[in-house]
Amino acid sequence: MNAPVRIDPETGLKVFNTRAAKASDKITGQGYSVVTDQKLTELPKMPDGATFNAEEQAKYRAFKEARRGAADYMAMEGEFKKYLDDVYSEPPIPREALTDECEILVVGAGFGGLLLWHKLSQAGFTDVRFCEKGGDVGGTWYWNRYPGIACDVESYSYLPLLDETGYIPSMKFASGFEILEHCQRMAQNFGFYKHCLFHTTVEATTWDEASGRWTVKTDRGDRMRAHFVILANGILTTPKLARIAGMEKFQGESFHTSRWNYNIDLRGKRVGIIGTGATAVQAIPELARVVGKLYVFQRTPSSIDVRDQRATTDEERATWATESGWAQARRARFARISEVRAAVLANDDYLAGKIQDFKERKKHDRELTREERMQKQLDSSFRLMEQIRARVDAIVKDPKTAAALKPYYPYGCKRPTFHDEYLPTFNLPHVHLVDTAPRGVNEINERGVVHERVEYPLDVLIYATGFQWMGTSTFNSIRGRGGHSLKEKWETEGTRTFLGLHSRGFPNLFIVTGPQGGGGSFNFTDVIYAHADYLIWVLQTMRERGARIVDVRKEPEDKYAEHCRDVDIATAPLRDCISYYNGEGKAAPGSLAYYGGRQWDKFRIEAQSSLEPYVFEGNSN
Ligand SMILES: Cc1cc2nc3c(=O)[nH]c(=O)nc-3n(C[C@H](O)[C@H](O)[C@H](O)COP(=O)(O)OP(=O)(O)OC[C@H]3O[C@@H](n4cnc5c(N)ncnc54)[C@H](O)[C@@H]3O)c2cc1C
């Protein structure tokens, strides 16, 4: 058997064999299936002439204000740390602690890490080491294995490296299990595994000015040095819990959706699920198929748009098999679609390149002002939300339940969801919506959840309470020049980056898909590609110039941060609700990734041609 750490005789580099075995064969599943009832896969007709008038605006405001301050989340610490256990893999493979040096150390083995490896190795950077908390690759798709899990962006545009692996997803919205297998395929095909230290959490990353290296400490006792550190640790990595009085008292089984416990048999049980965000929307219809009783505790409803799931057709398979670069071309077309809904339910003919545009563009006699454009967007968001609300009434039979399931906020303000079986689930006699609006569940006892003095006894309680969003500066302890931490810098100066990838004072550190990393595309893979390509450019430029250190200057960083702030403020009415995207209504403008700006590319191209934002320093050896 291969040793966990050995020297590759060809390259002289250390290589690893630390991928953990699967914990149990019970961990298996699929995403949701094709729905044949056409009524469930269509939105009711667009209401004529509906506008976002003062009365409707007041309704949205009241919905939002009633919830202000209600979100109270906590990290999984102390007795709740158990919810973070890796239930998917056998225990970590024992290995020696490492104290050596590598050229590039990457944190994370999700889409970001896997794509980076492919591009870095192609560009000739091979002394690359990955540290991954989990026991295998996949990131999001390693940790999230709840029943019904699937991507929300069409898989043909979402899954990376389809052209390179020759893989064609089986469904338009592939299941998370299929996506995990594709991650394993990418790792296997491109030699990723031997570069990755699994079950290894980076705990501290500190810049050493004298040597021009980062020191990276992990929970496995490693103390490695690296010229460059790339954070590919994701945006929805750290699960969080709602803070609810008495939660520690509950005597039944409980877990968070991002660590689905397949050892607990849910068949016939009384199950409660707290939260109705994107995860819960996918899991609830599947849960309802097996449990005895299902209580859904909801504070704020999601917008449930149509899914229209379908299998990949034979025609598509045949065409793509002969069309080199089909996935890249499709992803590029997908990226041209800016509206969230269009991006998700995008026209197949357009995406397949059969027609030139995805919608008829209305011609205006004159250019609209910014205010007019905003009003138009608000009106069309309102009309779409009216359709989404009408869909609830058309499907859910109990009027009280239907009323509670209707969301009042602009489309896309909270993460939009897509499902054709979620709403009908509430017509089942054993499924109960417990409307805890606007403040949410506030009591749990030994037996279950209590709301408004009614006790809901449960055998199993599932927390679908989501993740910390964009926590890069908090969940990675990073100390740069002068011993200052990234968290301290952003807390005192506000989030300050250049392109989201550099932050001044943190040389040779690159943040993939972090705050200010560029908005616009609803497809995260697009952002990951753009960031990976940019990083390759930085590293190649440094190689050509003989530079060993790169930092950015203050003015371009300030200018970029200012730009993110301005765009965020200008587009704020479109996201006027309380959501994790805006730090539950508390985030400073421009501090998060999805600021809606389309200028990331413009800033990048200018920087790459002038090199003006960068400070390159010479050979530090
Ligand atoms: C349920 C779910 C569904 C989603 N669906 C979509 C979708 O349809 N379309 C879309 O565009 N996006 C979707 N997303 C967003 C998704 O996170 C991204 O699309 C993408 O998978 C992110 O890849 P990543 O590699 O950047 O991050 P991740 O997949 O989060 O991987 C990061 C990895 O870093 C590891 N890590 C973090 N910190 C450390 C540390 N300190 N030390 C070591 N390892 C660490 C984590 O364990 C993780 O494995 C979804 C997210 C969730 C949670």
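Position 1 is the first residue of the sequence; numbering continues from there.
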For this session: Check step by step if side-chain contact (heavy atoms from CB on, under 4.5 Å) holds for R259 and D85.
Result: CA-CA 7 Å; R259 308 288 191 271; D85 287 351; over 6 Å; no
Problem set entry | Non-neighbouring partners of E584 that pass side chain to side chain donor-acceptor pair (under 3.5 Å), sequence neighbours left out | none
For this session: Would you please name every residue forming a side chain to side chain donor-acceptor pair (under 3.5 Å) with K133, sequence neighbours left out?
Result: none
Exercise. Using the ring of each side chain (for Trp, its six-membered ring), is H256 parallel, tilted or perpendicular to F467, with breaks at 30° and 60°?
Worked result: perpendicular
Seminar exercise, completed: By ring-ring contact (aromatic ring centres under 6.0 Å, His included), F603 pairs with (sequence neighbours left out) Y560, H563
Exercise. Without hydrogens or angle criteria, can the side chains of W207 and T215 be said to hold a donor-acceptor pair below 3.5 Å?
Worked result: no
Exercise. Do the non-hydrogen side-chain atoms of F63 and T300 ever get within less than 4.5 Å of each other?
Worked result: yes
Problem set entry | Nearest atoms (heavy-atom pairs only) where W214 meets T205 | CE3-CG2, 3.6 Å
Seminar exercise, completed: Taken to the nearest 0.5 Å, the spacing of L486 CG from L509 CG works out to 7.0 Å
Problem set entry | With R299 via salt bridge (charged side-chain N to carboxylate O under 4.0 Å, His left out) - residues at least two apart | none
Exercise. With no hydrogens and no angle check, do the side chains of D208 and S211 hold a donor and an acceptor under 3.5 Å apart?
Worked result: yes
For this session: Test salt bridge (charged side-chain N to carboxylate O under 4.0 Å, His left out) on K559 and E562 and set out the steps.
Result: CA-CA 5 Å; K559 193 173 154 204; E562 191 70 6; over 6 Å; no
Problem set entry | Ring centers of F190, W117 separated by less than 6.0 Å | no
Exercise. For the cysteines C413 and C577, is the SG separation below 2.5 Å?
Worked result: yes
Problem set entry | With D222 via side chain to side chain donor-acceptor pair (under 3.5 Å) - residues at least two apart | R95, T218
Exercise. If you round to the nearest 0.5 Å, how far is CG of L499 from CD of Q599?
Worked result: 12.0 Å
For this session: Indicate yes or no: does E557 engage K489 in a salt bridge with an N to O separation below 4.0 Å.
Result: yes
Problem set entry | Any residue meeting side chain to side chain donor-acceptor pair (under 3.5 Å) with K554, in chain and number order, not counting sequence neighbours | D558
Exercise. Which residue pairs satisfy the salt bridge (charged side-chain N to carboxylate O under 4.0 Å, His left out) criterion with at least one member in residues 107-130, sequence neighbours excluded?
Worked result: D100-R129, K119-D533
Seminar exercise, completed: For A278 and S302 the tightest heavy-atom approach is N-OG, 4.4 Å
Problem set entry | Where at least one partner belongs to residues 605-616, residue pairs that pass side-chain hydrogen bond (donor to acceptor under 3.5 Å, both in side chains), sequence neighbours excluded | Y534-Y614, R553-E612, R604-Q608
Problem set entry | Six-ring centre of F506, R504 cation under 6.0 angstrom, axis tolerance 45° | no
For this session: Apply salt bridge (charged side-chain N to carboxylate O under 4.0 Å, His left out) to the pair R481 and E617, showing each step before the final yes or no.
Result: CA-CA 14 Å; R481 285 190 156 140; E617 292 172 38; 3.1 Å; yes
Problem set entry | Non-neighbouring partners of H531 that pass ring-ring contact (aromatic ring centres under 6.0 Å, His included), sequence neighbours left out | W600
For this session: Assess the side chains of E154 and S157: does a donor N or O sit below 3.5 Å from an acceptor N or O?
Result: yes
Exercise. Nearest 0.5 Å, what's the CG-CD distance between L115 and E164?
Worked result: 8.5 Å
Exercise. Going through the distances and angles, do F198 and Y193 end up as a side-chain contact (heavy atoms from CB on, under 4.5 Å)?
Worked result: CA-CA 9 Å; F198 289 105; Y193 280 117; 3.6 Å; yes
Seminar exercise, completed: All heavy atoms of G517 vs all of V527, minimum pair found to be O-CG1, 4.0 Å
Seminar exercise, completed: Between E132 and C196, the two heavy atoms sitting closest are CB-SG, 3.9 Å
Exercise. Are side-chain N/O atoms of T571 and R575 paired as donor and acceptor at under 3.5 Å?
Worked result: yes
For this session: Would you please test M76 and K82 for side-chain contact (heavy atoms from CB on, under 4.5 Å) and show each step?
Result: CA-CA 8 Å; M76 290 169 178; K82 62 180 180 197; over 6 Å; no
Problem set entry | Distance, nearest 0.5 Å, that separates CZ of R479 from OG1 of T206 | 7.5 Å
For this session: Just jot down the disulfide (SG to SG under 2.5 Å) partners of C102, sequence neighbours excluded, or say none.
Result: none
Exercise. Got a sec, which residues hit ring-ring contact (aromatic ring centres under 6.0 Å, His included) with Y142, two or more places apart in sequence or on another chain?
Worked result: Y88
Exercise. In this structure, which one of V107, V229, V106 forms a side chain to side chain contact (heavy atoms under 4.5 Å, CB included) with V202?
Worked result: V107
For this session: Using the six-membered ring of F16, assess whether NZ or CZ of K194 lies under 6.0 Å from its centre and within 45 degrees of the ring axis.
Result: no
Exercise. Does CD in E555 sit with more than 12 non-hydrogen atoms of other residues, nucleotides or ligands closer than 6.0 Å?
Worked result: yes
For this session: Could you verify whether a donor N or O on one side chain and an acceptor N or O on the other, from K414 and S303, lie under 3.5 Å apart?
Result: no
Exercise. Without hydrogens or angle criteria, can the side chains of D86 and H199 be said to hold a donor-acceptor pair below 3.5 Å?
Worked result: yes
Exercise. Take atom CZ in R439; do more than 12 heavy atoms of anything else shown fall under 6.0 Å from it?
Worked result: yes
Problem set entry | Ring centre gap for Y158 and F524 strictly below 6.0 Å | no
Seminar exercise, completed: With sequence neighbours left out, the residues meeting ring-ring contact (aromatic ring centres under 6.0 Å, His included) with F80 are none
Exercise. Out of curiosity, T513 OG1 to L236 CG, how far, rounded to the nearest 0.5 Å?
Worked result: 9.5 Å
Problem set entry | Heavy-atom side-chain proximity of L116 to F111 below 4.5 angstrom | no
Seminar exercise, completed: Heavy atoms of R415 and D152 approach each other most closely as NH2-OD2, 3.5 Å
Exercise. I230 versus L105: any side-chain heavy-atom pair under 4.5 Å?
Worked result: no
Problem set entry | Whether Y581 and W469 hold their rings parallel, tilted or perpendicular, with breakpoints at 30° and 60° | perpendicular
For this session: Walk me through it: do K240 and M74 pass the test side-chain contact (heavy atoms from CB on, under 4.5 Å)?
Result: CA-CA 6 Å; K240 62 183 193 251; M74 61 184 212; over 6 Å; no
Problem set entry | Minimum-distance pair of heavy atoms, taken over all atoms of P589 and R565 | O-CG, 3.6 Å
Problem set entry | E103 and R548 ion-paired at < 4.0 Å | yes
For this session: Starting from the C-alpha separation in whole Å, work towards a yes-or-no answer on ring-ring contact (aromatic ring centres under 6.0 Å, His included) for Y463 and Y83.
Result: CA-CA 10 Å; Y463 291 99; Y83 291 130; 5.7 Å; yes
